[in-house]
**Student:** 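Here it is: the structure, laid out below.
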Amino acid sequence: MKKPYYITRMGVLERRGNTLFFENEEMRKAIPINSTSEVHCFRPVTLTSGAIKLLSEKNVPVHFYNKYGYYRGSYMPIEGQVSGTVVIKQAEHYLNPGKRMYIAKQFVEGIKASMVALLRAHKTDYGAISEVEVEGYTPAELMGVESTLWKEFYGLFASLLKHFEFRERNRNPPRDEVNALISLGNSVLYTVALSEIRKTYLHPAISFLHEPLERRYSLSLDLADVFKPVTVFRVILRLVNRGQIREEHFRDDVGVMLTDEGLRLFISELNSEFSRKVLHPRFRRNVSIRYLMRLEGYSLVRHFLGDSTYRSLRAWW
Amino acid sequence: MYVIVVYDVDVKRVARVHRFLRTHLHWRQNSVFEGEVTRSQLYEIKQTLAELIDGDDSVLIYELPRENFNLHVIGTDRNPTGEII
C-alpha cells in the first residue's frame, strides 16, 4: 500500500534525482514518490514547478491546512479516473428526491452505527444514540437528525475523557484543547476521504446528505462523517486518556492550537489508525480502514449503476 | 510487503542504483534501502535493477510479509524512516 506523508515543518518540496525531496535549513529528506499516496502540509510549504510536474506524473495530490488545522485546498493532478456515465448517474440520484433521500439516510445510519461501535467499545450506555430515529422527508430534516446524534454523542464522549474538559463543540478557531483536536482530526479525515473518492469514478462535489455547495468537495464530507466516531474520536480518547497528549502540547493564539510536537504525536496516531487493518467479514481478509473508505465509494458506484443497492458501513470493530 | 534492499555494486553504478531505489524506498544508510512496496513495485524494482547492474555486482532483496522485525541500532541511526516529517 502507498503511504501518505505528513509535513509538520516549514520548507520546500522539490524534485531531485527523480524523486521528491523535502528541504529546509535543518534537514533534507527524500520522499519515495512511487510509494506515496498523498502529501499533507500543516506548515507553510513551497512547491517548485519540478515537484508539481513529478506529482502530476505520479498522480499524487498535495493537501494544505492552515495553522488551526483547517483544510485550505489541494494541488490535484489531472483526474485519472474519469467516467461520464458514473457522474451522470450520480447527478441523477442527486436530482431525484426519493433516490437522494435513500442515500442520505444510509449515511446517517452509518454515522449512528459508528457512534454506537465506539461507545460499545468503551462500555458506555449508548441508549440515547440508538433511540434516535433516522427519519425525515427532506435532507435538511436528516441533517437535523444528524445534529441530534452528534449532540448526544458529544455528551457521552465528554464523560469518557479523563483529562480534558469538553463542554461544547466550537470551531473557527477552536476554543479549547479537545475542540482543537476534533477540528484537526476532522480536516485530515476529510482530505483522506477526498483522496480515496478520487480513486473511484465518483465526482467529489455531488453530495447527498450535505448540500453540494460551491467550491467544496461535499461528497467527502458525507463519507468522512461515517468514519469520524471510529477514527478521529477514538484516537482522541486514546491519546488523552493515556496521558500522551497533555496541556503542554497546546498553545493559545486567537484560538487553541497544537504545538509542533503535539501535532506530530496526534497525526502519527491518526495515521496509524487509518492504516490499521480490520478483518472484513465478507472478504474474509484484513483491510485497512482507509481502504474501507474506498470500498464505500465503490459500492456507491455500483448503486448508481444499478448493480446493487448501497448500504452504508456499519462499523463493527 | 516490506523489503530491505542491500547492494554491493561498482562505484561507477552506485549513484544510479541509489537514485533509482530512492524513488521507491527509504534510504537507511549507505547501500541499504527499505520500505513498504506492492508486488508490482517489487517486480519493477527487480527488473530495473537487473538492467542497471553489470559485471559481478550484487543486490540482495529481503522480502518480509510485514514490517514486523526488531531493529537494533548501534551508533547513530542516520535516517530514521517515517511518514511524519
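Predicted model only: the values in this text are computed from it and were never measured. All chains are named by letter (A, B, ...) in the order of the sequence lines, taking the proteins before the strands, and each is independently numbered beginning at 1.
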**Student:** Working to the nearest 0.5 Å, report the span between CG of B:Leu25 and OG1 of A:Thr19.
**Tutor:** 10.0 Å
**Student:** Only one of B:Glu44, B:His24, B:Arg22 passes side-chain hydrogen bond (donor to acceptor under 3.5 Å, both in side chains) with A:Asn34; say which it is.
**Tutor:** B:His24
**Student:** Donor-acceptor check, side chain of A:Thr8 to backbone of B:Ile85, threshold 3.5 angstrom: yes or no?
**Tutor:** yes
**Student:** Counting only heavy atoms not in B:Tyr43, do more than 12 fall under 6.0 Å of its OH?
**Tutor:** no
**Student:** Answer with side chain, backbone, both or neither: which region of A:Phe22 has an atom nearer than 4.5 Å to a non-hydrogen atom of chain B?
**Tutor:** side chain
**Student:** Side chain, backbone, both or neither: which part of B:Glu36 has an atom under 4.5 Å from a heavy atom of chain A?
**Tutor:** both
**Student:** Calculate, to the nearest 0.5 Å, the distance between atoms NE2 and NZ belonging to B:His26 and A:Lys3 respectively.
**Tutor:** 6.0 Å
**Student:** Within a radius of less than 6.0 Å around CE of A:Met10, do more than 12 heavy atoms belonging to other residues, nucleotides or ligands occur?
**Tutor:** no
**Student:** Is it the case that over 12 heavy atoms from other parts of the model lie below 6.0 angstrom from the CG atom of B:Asp56?
**Tutor:** no
**Student:** Quick check on A:Asn18 against chain B: is it the side chain, the backbone, both or neither that has a heavy atom closer than 4.5 Å?
**Tutor:** both
**Student:** Would you say that more than 12 heavy atoms from the other residues, nucleotides or ligands in this model lie under 6.0 Å from the OH of A:Tyr217, or not?
**Tutor:** no
**Student:** Please determine whether the number of non-hydrogen atoms from other residues, nucleotides or ligands lying under 6.0 Å from atom CD of A:Glu57 exceeds 12.
**Tutor:** yes
**Student:** Is B:Gln47 atom CD crowded by more than 12 heavy atoms from other residues, nucleotides or ligands, each under 6.0 Å away?
**Tutor:** yes
